[in-house]
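Chain identifiers are assigned alphabetically (A, B, ...) following the order of the sequence lines, protein sequences preceding nucleic acid strands; residue numbering begins at 1 within each chain. All heavy atoms count here, side chains included; hydrogens, waters and symmetry mates do not.
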Number of protein chains: 2
Amino acid sequence: MTTLKDIGEELSLSVATVSRALNGFPEVSLRTRQKVRETADRMGYRPNRVAQRLVTGRSGMVGMVLKIKPDMTADEMFFEILTRLTAALSVRETDLVLAVDQGTDPVAPYERMIERNILDGFILNAPQTNDPRIAFLRQRGIPFVVHGRAAPDADYAFYEIDNQAVSADAVDLLVALGHKSIALINGTLRHAYAADRLTGFKTAMARHGLRPQATSEAVIESHGYTKALAMLAAGTPPTAFLCASTQVAAGVVRATADRGLRIPRDVSIVAHDDAHSQVRAVDFDPPLTVTRAPLRDACEPLAELLLDVLGGKPAPECQRLIKAELIVRGSTGPAPKEA
Amino acid sequence: MTTLKDIGEELSLSVATVSRALNGFPEVSLRTRQKVRETADRMGYRPNRVAQRLVTGRSGMVGMVLKIKPDMTADEMFFEILTRLTAALSVRETDLVLAVDQGTDPVAPYERMIERNILDGFILNAPQTNDPRIAFLRQRGIPFVVHGRAAPDADYAFYEIDNQAVSADAVDLLVALGHKSIALINGTLRHAYAADRLTGFKTAMARHGLRPQATSEAVIESHGYTKALAMLAAGTPPTAFLCASTQVAAGVVRATADRGLRIPRDVSIVAHDDAHSQVRAVDFDPPLTVTRAPLRDACEPLAELLLDVLGGKPAPECQRLIKAELIVRGSTGPAPKEA
DNA sequence: GCCGTGCTTCAAATCGTTTTGAAAAGATTT
DNA sequence: AAATCTTTTCAAAACGATTTGAAGCACGGC
């Protein structure tokens with residue numbers, strides 16, 4: 001393996017000069033710089049990353065912990081995220097070390113990875129309100145970036161969509177169409193994003209002088225189905241639903257069909273669409289009106305932000321709150337005439 | 001971060017002594033060794049892998065490249081394998097670094113990871129016949145262990161089930177039951193395991209003086225269905241099928257039902273079962289006779305073998321060829337009386 | 001009292017890089 | 001031509017571990 005010393009001897013230069021020449025420092029003359037570059041290429045020099053890391057204190061590796069469901073499967077989208085994240089980091093000369101969260105203590109896998117002390121930082125996802133992992137990493141002073149924002153006053157690096165605006169935009173659209181009885185079928189409030197959606201929903205409804213109806217549970221089809229069915233059977237049934245996901249929307253669609261209601265004539269539906277490939281908003285009949293913010297779009301920014309954090313950029317400059325796009329399709333229409 | 005120097009200063013010992021004490025060298029007295037161990041624990045010492053690697057050439061980290069399908073999903077079983085592998089390596093003080101194969105050149109991700117030269121070795125899976133990755137790693141002299149055997153005369157470390165025996169055992173069982181027309185619905189021959197299954201099948205059939213019928217394609221339900229349908233419609237329809245997987249078996253079952261045939265009265269089925277949780281052999285009606293070899297059982301041995309290879313154990317001693325278990329259930333029965 | 005003999009411990013070199021502080025060379029001013 | 005300033009180069013320290021060769025110490029034998 002060619003080393004700096006080899007190149008130095010070849011050219012009768014010190015390793016220091018060779019190092020600076022290759023790293024493009026201005027204090028080495030252009031002529032030597034070129035000569036060094038050329039000989040380095042000729043001799044097939046590759047910097048020894050290990051040595052580089054030893055002296056710089058950086059390892060060029062970041063960690064991520066996979067949360068796995070009890071049946072040892074994971075989210076369908078996970079692989080796409082993983083792929084894109086790996087690619088985004090790879091461009092930045094950074095590798096991803098994976099660990100698996102086997103339940104019990106959410107902090108344990110982070111502790112284990114830190115113990116090995118070869119990691120520069122972490123990428124976290126799916127933060128919960130008062131997430132213990134975030135508290136842990138901050139207390140230990142370990143750099144990290146979160147996909148999601150655990151609290152509105154977060155003082156760490158994150159990438160997140162504006163979940164309050166997601167609800168607010170949907171409410172505004174529906175109110176403009178004349179809807180007054182609007183229900184939110186939300187995710188479990190344990191998740192920070194769901195809490196934000198609820199806040200945004202309540203605020204927007206209050207702004208229009210309307211009474212909010214909401215329920216929070218897992219974002220699965222059956223939840224959408226049972227809750228929508230129950231709400232439609234109640235005294236003042238909603239004329240519009242805000243769905244936490246397209247999966248939930250599928251359940252709501254099934255419930256309205258069971259009740260003999262038509263979309264959008266009797267019931268309007270707006271869903272949030274994170275572009276899961278499984279349940280596509282455009283495949284609905286009628287196609288779903290959505291607030292759209294593909295999860296995969298987070299990968300590039302997350303990599304970028306983490307590198308910024310590692311580079312010492314202050315946290316406030318490493319926060320991205322993105323607006324979801326409101327896409328109006330066939331599942332929303334004017335509110336039905338009052339009965 | 002605690003270093004050897006810190007411990008040395010704490011105990012008024014040289015770093016050399018501390019290093020030897022922690023690595024259990026005999027030339028340091030028992031008393032100091034214990035004292036050092038204890039203070040190291042107390043101070044939370046963790047060896048710096050980067051520094052270790054620089055001087056020893058070992059980093060305690062191994063790599064694995066994930067092959068992802070074009071739709072960016074991966075095998076359902078993948079997470080379980082990943083979990084178990086991580087755990088098995090963790091016990092051996094080794095970390096797993098993941099990269100993702102984004103198509104195009106199968107060797108490229110390995111090259112990238114090697115360039116970073118912080119890895120001690122690799123775990124490969126799903127080898128193909130004449131796998132370029134294996135050729136590459138061997139040519140570069142990089143240690144690796146393969147889950148699967150790319151060729152019968154493999155001269156590298158691997159863990160694999162005896163795929164020729166898988167077919168042979170099934171054939172022997174069926175022949176003992178009186179079957180003469182037996183078909184193999186195999187995986188694509190590009191995969192080394194499928195080539196082995198075919199060889200074993202042909203050899204076993206020849207041994208019994210029978211003419212083999214075989215087809216090779218992706219191990220999915222539809223392949224089992226279409227091929228079985230075609231074969232059952234042919235001149236001398238098989239009375240028994242060997243299926244590459246339980247998924248394929250599901251297709252074959254559907255095809256026999258479509259033809260109005262009954263299992264095992266008219267058609268017997270033997271499948272290979274690698275214990276995917278999705279399509280379970282015992283959930284079939286009747287439950288499937290299988291050659292069983294859970295994929296997950298490979299994790300411990302793979303970790304063990306890789307560490308052996310890294311420790312310099314010669315390749316021939318790092319090869320494991322495991323027999324699959326033949327489990328006879330309701331899907332096999334005596335051959336039907338000749339028409 | 002001198003010298004070998006184990007048994008422990010140590011200082012120093014090593015790995016390949018980055019970075020600091022100083023020296024050498026060249027250019028400019030006095 | 002001496003003095004000063006700039007530009008370029010260098011030797012050495014640092015990162016944190018392992019490993020080599022040597023030294024300190026107590027011991028008993030001569």
Side-chain angles (χ1 to χ4, degrees), chain A residues 1-37 39-40 43-61 93 114-120 310-312, chain B residues 1-37 39-40 43-61 93-95 114-120 310-312:
Chain A
M1 199 174 56
T2 331
T3 70
L4 287 186
K5 202 170 140 203
D6 298 336
I7 302 177
E9 279 168 4
E10 181 85 4
L11 293 171
S12 315
L13 283 174
S14 73
V15 283
T17 309
V18 177
S19 170
R20 320 201 92 123
L22 289 173
N23 291 325
F25 278 60
E27 62 257 51
V28 45
S29 73
L30 188 65
R31 211 165 51 84
T32 12
R33 217 186 314 173
Q34 284 174 337
K35 218 162 47 186
V36 169
R37 277 258 165 71
T39 0
M43 300 178 74
Y45 171 78
R46 296 271 141 199
N48 182 326
R49 303 275 179 194
V50 176
Q52 273 180 333
R53 280 156 195 185
L54 182 59
V55 62
T56 59
R58 294 264 297 264
S59 72
M61 315 185 70
E93 301 276 285
I114 289 167
E115 265 194 6
R116 302 260 201 285
N117 70 24
I118 46 164
L119 296 181
D120 296 340
L310 291 177
Chain B
M1 199 175 58
T2 331
T3 70
L4 286 186
K5 202 169 140 204
D6 297 336
I7 302 177
E9 280 168 4
E10 180 85 4
L11 293 172
S12 316
L13 284 174
S14 72
V15 283
T17 310
V18 176
S19 170
R20 319 202 94 123
L22 289 173
N23 292 324
F25 278 60
E27 62 257 50
V28 44
S29 74
L30 187 66
R31 213 165 51 84
T32 11
R33 216 185 314 173
Q34 284 174 337
K35 219 162 46 186
V36 169
R37 277 259 164 73
T39 5
M43 299 177 75
Y45 170 77
R46 293 281 141 190
N48 181 325
R49 282 285 162 78
V50 177
Q52 270 179 336
R53 160 93 199 189
L54 183 60
V55 60
T56 61
R58 291 273 296 269
S59 70
M61 312 181 68
E93 299 278 288
T94 302
D95 292 305
I114 289 167
E115 237 188 34
R116 304 255 201 290
N117 72 18
I118 195 171
L119 296 180
D120 295 340
L310 292 177

Would a distance-only check, ignoring hydrogens and angles, find a side-chain to backbone donor-acceptor pair under 3.5 Å from Ser59(B) to Ile118(B)?
-> yes

Can you check whether Gln52(A)'s main-chain N or O pairs, donor with acceptor, with Thr56(A)'s side chain at less than 3.5 Å?
-> yes

Determine the contact category for Ser19(A): base if any of its heavy atoms lies under 4.0 Å from a base atom, sugar-phosphate if only primed atoms, P, OP1 or OP2 are that close, otherwise nothing.
-> base

Inter-end axis angle, the helix from dG1(C)-dC30(D) to dT30(C)-dA1(D), with every axis fitted to five base pairs (rounded, 10 degrees) | 80°

Between atom CD in Glu9(A) and atom C1' in dC10(D), what is the gap in whole Å?
-> 15 Å

How long is the span from the CG atom in Asp6(A) to the OG1 atom in Thr39(A), to the nearest 0.5 Å?
-> 11.5 Å

Within the pair Asn48(B) and dC15(D), is there a side-chain N or O less than 4.0 Å away from OP1 or OP2?
-> no

Report yes if a side-chain nitrogen or oxygen of Gln52(A) is closer than 4.0 Å to either non-bridging phosphate oxygen (OP1 or OP2) of dT18(C); otherwise report no.
-> yes

Using whole Å, report how far CG of Leu22(A) lies from P of dG16(C).
-> 16 Å

Report, as a single string ordered 5' to 3', how protein heavy atoms within less than 4.0 Å touch nucleotides 4-13 of chain C: B base, S sugar-phosphate only, - not at all.
-> ----BBBB--

Test side-chain contact (heavy atoms from CB on, under 4.5 Å) on Val18(B) and Leu11(B) and set out the steps.
-> CA-CA 9 Å; Val18(B) 176; Leu11(B) 293 172; 5.7 Å; no

What nucleotide, of dT18(D), dT19(C), dG16(C), holds the atom closest to the side chain of Met1(A)?
-> dG16(C)

CG of Leu119(B) to OG1 of Thr94(B): how many Å apart, nearest 0.5 Å?
-> 11.5 Å

Taking atom C1' of dA14(D) as reference, at what distance in whole Å does atom CZ of Arg58(A) sit?
-> 18 Å

Integer-rounded Å distance: dC10(D) P and Lys5(A) NZ = 15 Å

Polar side-chain atom of Arg33(A) near backbone of Leu22(A) as donor-acceptor pair, under 3.5 Å = no

After noting the C-alpha distance and the side-chain angles of Met61(B) and Met61(A), does the key distance pass the side-chain contact (heavy atoms from CB on, under 4.5 Å) rule?
-> CA-CA 12 Å; Met61(B) 312 181 68; Met61(A) 315 185 70; 3.5 Å; yes

Would you mind reading off the distance between Arg49(A) atom CZ and dG16(C) atom C1', rounded to a whole angstrom?
-> 13 Å

When the distance from CG of Leu4(B) to C1' of dA17(D) is rounded to whole Å, what number comes out?
-> 6 Å

Please round to the nearest 0.5 Å and tell me the distance separating atom CZ of Arg20(B) and atom OG1 of Thr32(B).
-> 12.5 Å

Rounded to the nearest angstrom, tell me the gap between atom CG in Leu54(A) and atom C1' in dA13(D).
-> 13 Å

Separation of dT8(D) atom P from Lys35(A) atom NZ, nearest Å, is 13 Å

Mind checking the CD-OG1 spacing from Glu27(A) to Thr17(A)? Nearest 0.5 Å is all I need.
-> 9.5 Å

